[in-house]
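In what follows, chains are A, B, ... by sequence order, proteins preceding strands, each numbered from 1.
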2 protein chains.
Amino acid sequence: MKYSISKENYLKAIFHLQNENGVVTTNELAAALLTKPASVTDMLKKLKAQRLLIYEKYKGFKLNNEGRKVALQIIRKHRLWEYFLVEKLQFGWDEVHEMAEELEHFTHKKLIDRLDTFLNYPKSDPHGDPIPDSNGKFDQQQKQISLPHLSLHRTAKVLAISPQTKEILELLQHKNILIGTKIEVKKKFSFDDSLELKVNNRTAVTISAAVAKSILVNDDQ
Amino acid sequence: MKYSISKENYLKAIFHLQNENGVVTTNELAAALLTKPASVTDMLKKLKAQRLLIYEKYKGFKLNNEGRKVALQIIRKHRLWEYFLVEKLQFGWDEVHEMAEELEHFTHKKLIDRLDTFLNYPKSDPHGDPIPDSNGKFDQQQKQISLPHLSLHRTAKVLAISPQTKEILELLQHKNILIGTKIEVKKKFSFDDSLELKVNNRTAVTISAAVAKSILVNDDQ
DNA sequence: TATTTTTTTTAGATTTGTCTAAATTTAATT
DNA sequence: AATTAAATTTAGACAAATCTAAAAAAAATA
């Protein structure tokens, strides 16, 4: 029941990728993990041997039930640590990812459950991503849409940023767009799909299409 | 400036051993790390090559300044995590060692300094061991003596337990002997050097010589 | 469908930390 | 001082995770 750091990272990456496409390819995963396809193939064999993966040569792969369960526990650890680092240790939401990335691998179930209690069972991390509970279940989530799909002049609340690169987070931090921030789309420019926003009912801010796509807001019709 | 988990554990173990004897031997260290002398020799070469160690073949070894500095930072991390686990997550003092043992290797300086602040700069961990500050300095410590050296009928306070095996901690927990507990030696039996104690001015408790040696109390004459 | 390109896998090497067994050095004992 | 015993080091091997280069399979294109 104990997996190496490397294996845990593979499981987590596969989990995230298959949530987008259903099935994952070797090259895709290699890119996500900043490693080589040959290394991925090696590891896939091991994960399959440990019955965490559905995989046939040349056919792509995905997690089975057990693999998904393990991945969710790691994600739980990651997000609870992020919450702790921001809420208790006063780190910025854009600087906690790497730290959580390490801590998640050295946190036994008992420890993370106590941390969860200490933090009072938060439902989402500082980036707005949902935190699985002790059994690996997500809370009922609000329906999310990305900013380009939000109708003009409807005010919505930022729920998450995805993907969360250091660079995007830095940019949003600077423009005062955080989880929970109120946003209204004032104008869409078809020339480059950039958007002009009203942030927190006050400042006017312009963002590119790329940035807009990464901002997820609530969609309550 | 980044060392492997294994190297960090070697440095920490050498630090503790040389505090008792000045110089450390291969067999001694192998026993402390539950590994083989041959493995120790291999690692010593690497640590020497990295200039963390003073070492000549067949002559024993000890940390140099740099090695000591690194060891102290790891010990700081370990003890702060222990404090956190007991004070904030409500673990027992006898169950936090293993967890801290893992976390200590994945905690960057910036993180541990913030944790220190969050915990309000504790001076010692749940076992009474002093926590080095951000620069690796210990606070002025009270002079400690082990229980067999405490004069009869003088009340003293438990400052630390050393060494801290799971087994001793469990035994002491059971007998209600904790850091801070008041102890008076009522009787010394020369037959087996066992002691009869009064604990917290109330209960009478008998402990063996082995246990007594591991209990450190304050020595203010 | 045949050929080219892309993707994936295999083969073999490398690094880190470990091991066992054998050799060497130092310490202890006769 | 010679011999035995203990401690330490060397030599060679192994497992995990990675890599490069080459081979094989699948997909795309002509």
Whole angstroms only, please: what is the [atom1]-[atom2] distance between [X] and [N]?
{"X": "Lys36(A)", "N": "dA22(D)", "atom1": "NZ", "atom2": "P", "value": "16 Å"}
{"X": "Tyr58(A)", "N": "dT7(C)", "atom1": "OH", "atom2": "C1'", "value": "9 Å"}
{"X": "Leu33(B)", "N": "dC19(C)", "atom1": "CG", "atom2": "P", "value": "10 Å"}
{"X": "Asp42(A)", "N": "dA13(C)", "atom1": "CG", "atom2": "C1'", "value": "12 Å"}
{"X": "Lys45(B)", "N": "dT8(D)", "atom1": "NZ", "atom2": "P", "value": "15 Å"}
{"X": "Asn9(A)", "N": "dT18(D)", "atom1": "CG", "atom2": "C1'", "value": "14 Å"}
{"X": "Leu34(A)", "N": "dT18(D)", "atom1": "CG", "atom2": "P", "value": "12 Å"}
{"X": "Asn27(B)", "N": "dA6(D)", "atom1": "CG", "atom2": "P", "value": "12 Å"}

Using only side-chain N and O atoms of [X], determine if any of them is under 4.0 Å from OP1 or OP2 of [N].
{"X": "Ser39(A)", "N": "dC19(D)", "answer": "yes"}
{"X": "Thr35(A)", "N": "dC19(D)", "answer": "yes"}
{"X": "Tyr55(B)", "N": "dT9(D)", "answer": "yes"}
{"X": "Thr25(A)", "N": "dT7(C)", "answer": "no"}

Task: Over 12 non-hydrogen atoms of neighbours within 6.0 angstrom of CD in Glu56(A) - done: no
Open item on the list: By nearest heavy atom, map Lys59(A) and Ser6(A) onto DNA chain D; which one lands nearer the 5' end?
Closed with: Ser6(A)
Open item on the list: On DNA chain D, does the nearest nucleotide to Ile5(A) precede the nearest nucleotide to Lys57(A) from the 5' side, or the other way round? Give the residue.
Closed with: Ile5(A)
Name the atoms and distances for all side-chain donor-acceptor pairs under 3.5 Å in residues 115-123 of chain A, with sequence neighbours left out.
{"residue": "Asp116(A)", "atom": "OD2", "partner": "Arg76(A)", "partner atom": "NH1", "Å": "3.0"}
{"residue": "Asp116(A)", "atom": "OD2", "partner": "Arg76(A)", "partner atom": "NH2", "Å": "3.1"}
{"residue": "Thr117(A)", "atom": "OG1", "partner": "Asp113(A)", "partner atom": "O", "Å": "3.0"}
{"residue": "Thr117(A)", "atom": "OG1", "partner": "Tyr121(A)", "partner atom": "OH", "Å": "3.0"}

Open item on the list: Has Arg114(A) got a side-chain atom pairing as donor or acceptor with Leu89(B)'s backbone, closer than 3.5 angstrom?
Closed with: yes
Can you tell me which nucleotide in [options] comes closest to the side chain of [X]?
{"X": "Ser4(A)", "options": "dA17(D), dT9(C), dT18(D)", "result": "dA17(D)"}
{"X": "Met43(A)", "options": "dT9(C), dG17(C), dT18(D)", "result": "dT18(D)"}
{"X": "Lys46(A)", "options": "dA16(D), dT9(C), dT24(C)", "result": "dA16(D)"}

What's [X] touching, base or sugar-phosphate or nothing? Going by heavy atoms closer than 4.0 Å.
{"X": "Phe61(B)", "result": "nothing"}
{"X": "Thr26(A)", "result": "sugar-phosphate"}
{"X": "Thr41(A)", "result": "base"}
{"X": "Tyr10(A)", "result": "sugar-phosphate"}

Pairing donors with acceptors under 3.5 angstrom, does anything connect the side chains of [X] and [Y]?
{"X": "Ser194(A)", "Y": "Lys188(A)", "result": "no"}
{"X": "Glu102(A)", "Y": "His105(B)", "result": "no"}
{"X": "His127(B)", "Y": "Glu82(B)", "result": "yes"}

